[in-house]
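In what follows, a single structure is set out as structure tokens and then discussed.
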Amino acid sequence: MYTAKSDRYDDMPYRRVGHSGLRLPALSLGLWHNFGPERPAETQRAILRRAFDLGITHFDLANNYGPPPGSAESALGALLRTDFAPYRDELVVSTKAGYLMWPGPYGEWGSRKSLLSSLDQSLRRLGLDYVDVFYSHRFDPQTPLEETMGALHSAVQQGKALYVGVSNYSAEQTRDAARILGELGTPLTIHQPRYSMLDRRPEDEGLLDALDDLRIGSIAYSPLEQGLLTGRYLDGIPEDSRAASDSPFLNRDALTTELITRLRALNDIAASRGQTLAQLALAWVLRGGRVTSALVGASSPRQLEDSVTALGNLDFDAQELALVDTLTRL
């Protein structure tokens with residue numbers, strides 16, 4: 001029987017999501033590739049228990065997370081029943097729909113049919129009556145945005161989601177989505193963009209400015225840039241790394257000599273702050289409070305502990321920020 005630590009809320013900072021009443025931990029746990037049949041169930045249990053004991057109350061999923069698709073939700077569902085049932089009201093569970101999940105014309109994108117069918121499937125896998133946040137995972141250029149946002153609104157009206165969000169939407173698409181949802185009476189609460197020191201598009205393309213204007217929260221995914229900012233590649237490409245595999249998200253070609261040189265220089269900045277490169281990367285994403293929470297994955301409880309350590313130093317001076325800019329805006 002799992003009993004959560006009584007001091008789990010003592011050290012984790014919680015940030016308000018836009019102008020909603022929801023607050024998220026500065027670090028949230030993403031259940032992407034580490035929660036499926038390829039990962040031992042006891043390891044998954046240990047990661048989730050340690051996350052909650054550290055004050056990480058937000059578990060983020062999508063319908064297709066695994067592999068295979070759906071298995072991450074099923075894995076969490078099993079642990080919600082066995083370990084976390086007494087703590088459901090302390091947890092924020094989010095999921096998404098929009099990428100390919102099942103065959104045929106309704107297994108992806110943003111139609112009402114696709115989104116609401118996917119949400120029903122997710123709830124069954126999770127064993128929940130509702131999720132706290134339901135996202136449109138990507139903009140659908142062939143479906144009217146009014147239909148996609150109307151489906152999110154329906155999820156709230158049906159009691160199957162408490163809040164709604166979007167992911168991978170541009171600044172203009174986000175503004176339009178927020179307007180439509182506002183007219184329906186369901187606010188757009190959160191955006192989940194890809195954002196890291198090596199991927200500055202939310203800054204450069206005006207998304208962060210739009211979120212500030214609209215008072216919408218944000219949660220950054222891939223803040224460690226698929227592992228590039230973990231320090232694993234400072235001396236080349238380890239054979240057991242993602243870049244050495246056939247991963248579509250990171251391959252050997254990305255690890256140029258120039259990039260490794262830049263990573264080493266960023267690692268020097270981290271060392272001068274008493275941080276690892278990964279801790280620096282997380283602190284940088286969370287600097288200044290524009291980003292509500294950063295999503296981290298974990299293959300062990302120790303990785304979570306290392307990530308949480310980053311929260312002890314989120315302040316940057318002007319010289320540090322200028323150095324980071326020099327190394328990441330070439």
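Taking OG1 from Thr189 and CD1 from Ile216, the interatomic distance works out to 8.0 Å, rounded to the nearest 0.5 Å. In this structure, the separation between CG on Leu295 and CG on Asp60 is 4.5 Å, given to the nearest 0.5 Å. Summarising the geometry, atom CG belonging to Leu282 is positioned 4.5 Å from atom CG belonging to Leu224; distances are rounded to the nearest 0.5 Å. To the nearest 0.5 Å, the span separating CG on Leu214 from CG on Asp209 amounts to 10.5 Å. Within the model, atoms OH of Tyr65 and CD of Glu73 stand 10.0 Å from one another, a figure rounded to the nearest 0.5 Å. A distance of 11.0 Å separates CG in Leu228 from CG in Asp199, rounded to the nearest 0.5 Å.
For Glu42, the side chain to side chain contact (heavy atoms under 4.5 Å, CB included) criterion is met by Arg45, not counting sequence neighbours.
Side-chain contact between Ser218 and Arg290: absent, with no pair of heavy atoms (C-beta onward) separated by less than 4.5 Å. For the pair Met197/Val285, no side-chain contact is recorded, criterion being any heavy-atom separation below 4.5 Å from C-beta on. Put simply, the side chain of Tyr130 does not reach to within 4.5 Å of the side chain of Leu128, judged on heavy atoms.
Minimum heavy-atom separation, Arg112 to Gly150: NH1-O, 3.7 Å. Heavy atoms only, all atoms of each residue included: Ala155 and Leu119 are closest at CB-CD2, 3.6 Å. What you find for Met101 and Asn64 is that their closest heavy atoms are SD-CA, 3.6 Å. Shortest non-hydrogen contact noted between Ile180 and Met149 is CG2-CB, 3.7 Å. Counting all heavy atoms, side chain and backbone alike, Arg39 lies closest to Gln44 at O-NE2, 2.8 Å. The two residues Lys96 and Phe134 come nearest to each other via the heavy atoms C-CE1, 4.1 Å.
Transitive grouping of hydrophobic side chains (ILVMFWY, heavy atoms separated by less than 4.5 Å) brings Leu29 and Phe52 into a common cluster. Following chains of ILVMFWY side-chain contacts shorter than 4.5 Å, one can reach Leu54 starting from Val296, so the two form part of one hydrophobic cluster. Note: the hydrophobic cluster containing Leu304 also contains Tyr2 (ILVMFWY, side chain heavy atoms under 4.5 Å, direct or indirect links). Note: the hydrophobic cluster containing Tyr135 does not contain Leu208 (ILVMFWY, side chain heavy atoms under 4.5 Å, direct or indirect links). Transitive grouping of hydrophobic side chains (ILVMFWY, heavy atoms separated by less than 4.5 Å) brings Val156 and Leu126 into a common cluster.
The aromatic rings of Tyr14 and Tyr9 lie tilted to each other, with the angle between the two planes from 30° to 60°. Ring pair Tyr195/Trp284 is tilted by interplanar angle, where 30° to 60° counts as tilted.
Remark: side-chain polar atoms of Thr261 are paired, donor with acceptor, to backbone N or O of Thr257 under 3.5 angstrom. For Arg273 (side chain) and Asp315 (main-chain N/O), a donor-acceptor pair under 3.5 Å exists by modelled atom type. A distance-only check finds a donor-acceptor pair linking the side chain of Gln279 to the backbone of Thr276 [under 3.5 Å].
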* Asked: So Ser170 and Phe139, side chain to side chain contact (heavy atoms under 4.5 Å, CB included) or not? Walk me through it.
  -> CA-CA 8 Å; Ser170 71; Phe139 178 79; over 6 Å; no
* Asked: Should Thr57 and Met12 be marked as a side chain to side chain contact (heavy atoms under 4.5 Å, CB included) after you check the CA-CA gap, both sets of side-chain angles, and the distance that decides it?
  -> CA-CA 10 Å; Thr57 54; Met12 175 61 66; over 6 Å; no
* Begin with the C-alpha distance, continue with both residues' side-chain angles, and end with the deciding distance and a verdict on side chain to side chain contact (heavy atoms under 4.5 Å, CB included) for Ile219 and Thr292. => CA-CA 6 Å; Ile219 179 167; Thr292 311; 5.7 Å; no
* Leu323 and Phe316: side chain to side chain contact (heavy atoms under 4.5 Å, CB included), yes or no, with the steps? -> CA-CA 11 Å; Leu323 284 171; Phe316 289 78; over 6 Å; no
* To do: Determine, stepwise, if the pair Tyr169 / Ser136 fulfils side-chain hydrogen bond (donor to acceptor under 3.5 Å, both in side chains).
  => CA-CA 9 Å; Tyr169 277 52; Ser136 168; 2.7 Å; yes
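Judged purely by distance below 3.5 Å, without hydrogens or angles, the side chains of Ser118 and Asn63 pair a donor atom with an acceptor atom. Side chain to side chain, Asn168 and Tyr221 meet the donor-acceptor criterion of an N or O pair below 3.5 Å.
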Just list the side-chain donor-acceptor pairs under 3.5 Å for residues 157-166, sequence neighbours left out, or say none.
| residue | atom | partner | partner atom | Å |
| --- | --- | --- | --- | --- |
| Gln158 | OE1 | Lys160 | NZ | 3.4 |
| Lys160 | NZ | Asp120 | OD1 | 2.8 |

Under 3.5 Å, side-chain donor or acceptor atoms of residues 18-27 against the rest of the protein: list the pairs with distances, not counting sequence neighbours.
| residue | atom | partner | partner atom | Å |
| --- | --- | --- | --- | --- |
| His19 | ND1 | Arg215 | O | 3.1 |
| Ser20 | OG | Val17 | O | 2.7 |
| Ser20 | OG | Leu22 | N | 3.1 |

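Counting heavy atoms of neighbouring residues, nucleotides and ligands inside a 6.0 Å radius, atom CG of Asp268 exceeds 12 of them. Crowding of Glu172 atom CD: a count of heavy atoms from other residues, nucleotides or ligands under 6.0 Å not exceeding 12. Residue-environment remark: OH (Tyr106) stays at or below the threshold of 12 foreign heavy atoms within 6.0 Å. More than 12 heavy-atom neighbours from other residues, nucleotides or ligands sit within 6.0 angstrom of CG on Asp204.
Salt bridge status for Asp10 with Lys5: absent, with no side-chain N to carboxylate O gap under 4.0 Å. We find that Glu203 and Arg287 are joined by a salt bridge, their nearest charged nitrogen and carboxylate oxygen being less than 4.0 Å apart.
Taking the centre and axis of the six-membered ring of Phe59, the NZ or CZ atom of Arg88 falls outside the cone set by 45° and 6.0 Å.
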